[in-house]
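For reference, the structure is listed below as structure tokens.
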Amino acid sequence: QVQLVESGGGLVQAGGSLRLSCAASGRTVSAYVMGWFRQAPGKEREFVAGISWSGGSPNYADSVKGRFTISRDIAKSTVYLQMNSLKPDDTAVYYCAARPYLPSNDALRYNYWGQGTQVTVSS
């Protein structure tokens with residue numbers, strides 16, 4: 001199994017920045033695709049960003065494109081989500097997830113999930 005451990009969530013003012021981290025362990029993840037999802041109260045879980053461990057084909061939801069950047073550190077088996085110009089609409093629980101080989105923006109296709117971390121954007 002793959003374990004995913006998130007960190008970096010918190011409270012930030014509108015216009016501010018946060019960087020979320022998700023460290024993977026338990027198996028080699030070199031062939032995995034990582035995704036970030038978020039879920040706000042009363043809303044469906046939505047795709048935010050995704051990347052392969054090789055760094056290929058990063059992709060973003062339109063709502064975050066140009067503001068968020070997904071990246072990874074292969075040596076540390078860690079994926080990051082740099083969030084800039086945060087808006088109140090970005091407030092949600094953010095989850096990292098993993099699946100083997102093939103990229104997807106469908107949460108149902110991901111096998112492994114982190115515990116979620118709360119991001120709250122005020123004002």
Inset, instruction - Keeping to residues at least two apart or across chains, list the salt bridge (Lys or Arg N to Asp or Glu O under 4.0 Å) pairs with something in residues 108-123. - result: Asp106-Arg109
Residues 79-88, side-chain donor-acceptor partners within the protein, below 3.5 Å, at least two apart:
unit_1: Gln82; atom_1: NE2; unit_2: Asn84; atom_2: OD1; d: 3.0
unit_1: Asn84; atom_1: OD1; unit_2: Ser17; atom_2: OG; d: 2.8

Inset, instruction - Identify the heavy atoms of Phe47 and Asn59 that sit nearest to each other, and give their distance. - result: CZ-OD1, 2.8 Å
Legend entry - Distance in Å, Gln3 CD paired with Ser77 OG, rounded so as to fall on 0.5 Å steps: 12.0 Å
Legend entry - Heavy-atom closest pair, residues Ala98 and Met34: CB-SD, 3.5 Å
Inset, instruction - Mind listing the closest non-hydrogen atom pair of Pro100 and Asn111 along with its distance? - result: CD-OD1, 3.1 Å
Legend entry - Inter-residue atom distance Arg67.CZ - Asp90.CG, 0.5 Å rounding: 4.0 Å
Legend entry - Considering all heavy atoms, the nearest Leu18-Gly8 contact: CD2-O, 3.8 Å
Inset, instruction - Let me see the working for Trp36 and Phe68 under side chain to side chain contact (heavy atoms under 4.5 Å, CB included), right down to the final yes or no. - result: CA-CA 11 Å; Trp36 286 97; Phe68 291 10; over 6 Å; no
Inset, instruction - Check whether any side-chain heavy atom of Tyr95 sits under 4.5 Å from a side-chain heavy atom of Leu4, and report yes or no. - result: no
Inset, instruction - List in chain and number order the residues that pass side chain to side chain donor-acceptor pair (under 3.5 Å) with Gln118, two or more places apart in sequence or in another chain; answer none if no residue qualifies. - result: Thr120
Inset, instruction - Compare all side-chain heavy atoms of Ser122 with those of Leu11 and state whether any distance is below 4.5 angstrom. - result: yes
Legend entry - salt bridge (charged side-chain N to carboxylate O under 4.0 Å, His left out) involving Asp62 - partner list, sequence neighbours excluded: Lys65
Inset, instruction - State, with a plain yes or no, whether a side-chain heavy atom of Ser25 is found less than 4.5 Å away from one of Val5. - result: no
Inset, instruction - Could you tell me which non-hydrogen atom of Glu6 sits nearest to which non-hydrogen atom of Cys96, and how far apart they are? - result: OE2-N, 2.6 Å
Legend entry - From CH2 (Trp53) to OG1 (Thr78), nearest 0.5 Å: 6.0 Å
Inset, instruction - Find out whether Phe37 and Tyr110 are in side-chain contact, i.e. whether some heavy atom of one side chain is under 4.5 Å from a heavy atom of the other. - result: yes
Inset, instruction - Could you list the residues that satisfy side chain to side chain donor-acceptor pair (under 3.5 Å) with Arg19, not counting sequence neighbours? - result: none
Inset, instruction - Check Trp113 against Ala107 and note the closest heavy-atom contact, atom names and distance. - result: CZ2-O, 3.3 Å
Inset, instruction - For Glu46, check side chain to side chain donor-acceptor pair (under 3.5 Å) against everything at least two apart and list the hits. - result: Arg38
